[in-house]
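The structure under discussion appears below in the form of structure tokens.
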Amino acid sequence: DIGKNLVKTILSNNGFTVHDLGKQVPVATIIEKAVAVDAHAVGLSALLVSTSKQMPFCVEELHRRNLAFPVVIGGAAINRRFGYKTHFAQDGTPYAGGVFYAKDAFEGLEIVEALVDPAKRDRLKHEVLQKALARARALTVDRATTMRDRRDERHLELLLAFTLAEDSNCVDVGAFA
């Protein structure tokens with residue numbers, strides 16, 4: 001709550017109107033308010049990991065409703081990688097509004113200032129999307145490599161087991177499966 005209040009104060013002191021909906025606000029309430037006030041961005045904060053799990057649901061619901069409010073996320077429970085991951089809907093489509101991680105209130109201010117300037121907004125959205133896509137590709141390659149490595153290790157273990165079994169009757173093949 002302290003971080004959210006600090007962001008609210010900094011944004012308000014820099015000329016932005018902030019609608020503070022409180023803590024543990026349902027996703028539907030957040031989206032309804034964003035639509036009602038035609039928000040320039042939606043800000044989400046998570047102090048706890050349990051709260052951070054709601055952020056992707058909010059982005060997914062915005063995506064499902066074909067809305068494109070930029071979403072600025074921050075808080076102690078998340079990091080930039082989480083922001084990149086949250087950038088994508090469940091079907092793998094990048095969220096049109098973009099998801100922007102702010103490590104602190106001052107980075108949040110920089111992001112919001114960029115989002116209200118059309119030239120800066122487009123550049124920021126493009127940069128963050130490219131980083132999120134690169135992160136997603138890296139994760140895909142890492143997972144494929146890990147799965148291949150695990151498959152190869154099992155193959156080697158089984159190959160070793162069968163080789164040893166031919167040379168000696170004391171190997172328990174089941175231990176390698």
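Atoms considered below: every heavy atom in the structure, side chains included; atoms not considered: hydrogens, waters and symmetry mates.
- Residue Arg123 holds its CZ atom at 11.0 Å from NE2 of His126, rounded to the nearest 0.5 Å.
- Using a 4.5 Å cut-off between side-chain heavy atoms of Ile, Leu, Val, Met, Phe, Trp and Tyr, with links allowed through other members, Met55 and Leu129 fall into different hydrophobic clusters.
- When each of Leu133, Val59, Thr93, Val99 is paired with Phe88, the side chain to side chain contact (heavy atoms under 4.5 Å, CB included) condition holds for Leu133 and for no other.
- One distance of note links NZ of Lys53 with CG of Leu48; it measures 11.0 Å at 0.5 Å rounding.
- In the hydrophobic clustering of this structure, Phe82 does not group with Leu47; members are Ile, Leu, Val, Met, Phe, Trp, Tyr whose side-chain heavy atoms approach within less than 4.5 Å, directly or through other members.
- You'll find the side chain of Cys58 reaches within 4.5 Å of the side chain of Leu44, heavy atoms only.
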Report the C-alpha distance between Tyr101 and Thr86 in whole Å, list the side-chain angles of each, state the deciding distance to 0.1 Å, and finish with yes or no for side-chain contact (heavy atoms from CB on, under 4.5 Å).
CA-CA 10 Å; Tyr101 168 76; Thr86 305; over 6 Å; no
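- Distance check: Thr9 OG1 to Leu109 CG gives 12.0 Å after rounding to the nearest 0.5 Å.
- Between Lys4 atom NZ and Lys23 atom NZ the span is 7.5 Å, to the nearest 0.5 Å.
- Leu6 and Val42 are members of different hydrophobic clusters when ILVMFWY side chains are connected at heavy-atom separations under 4.5 Å.
- How far CG of Asn79 is from NZ of Lys103: 13.0 Å, rounded to the nearest 0.5 Å.
- Residues Arg135 and Lys85 form no side-chain contact, since every pair of their non-hydrogen atoms from C-beta on lies 4.5 Å or further apart.
- Glu60 and Arg64 are not joined by a salt bridge, as no carboxylate oxygen comes within less than 4.0 angstrom of a charged side-chain nitrogen.
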Identify all side-chain donor-acceptor contacts of residues 25-40 below 3.5 Å with residues at least two apart in sequence or on another chain.
none

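- Results of the side chain to side chain contact (heavy atoms under 4.5 Å, CB included) test with Val18 over Ile10, Val112, Leu11 single out Leu11 as the only residue that passes.
- At least one donor-acceptor pair under 3.5 Å links the side chain of Tyr95 to the backbone N or O of Phe69.
- Interatomic distance, CD1 of Ile73 versus CZ of Arg80, reported as 9.5 Å (0.5 Å rounding).
- A heavy-atom distance below 4.5 Å is not found between the side chains of Gln130 and Glu127.
- In this structure, Val116 is a member of the same hydrophobic cluster as Phe106, with clusters built from ILVMFWY side-chain heavy atoms closer than 4.5 Å.
- Under the 4.5 Å side-chain contact rule for hydrophobic residues, Leu124 and Tyr84 share a cluster.
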Would Val72 and Val7 count as a side-chain contact (heavy atoms from CB on, under 4.5 Å) here? Give the steps.
CA-CA 11 Å; Val72 181; Val7 170; over 6 Å; no
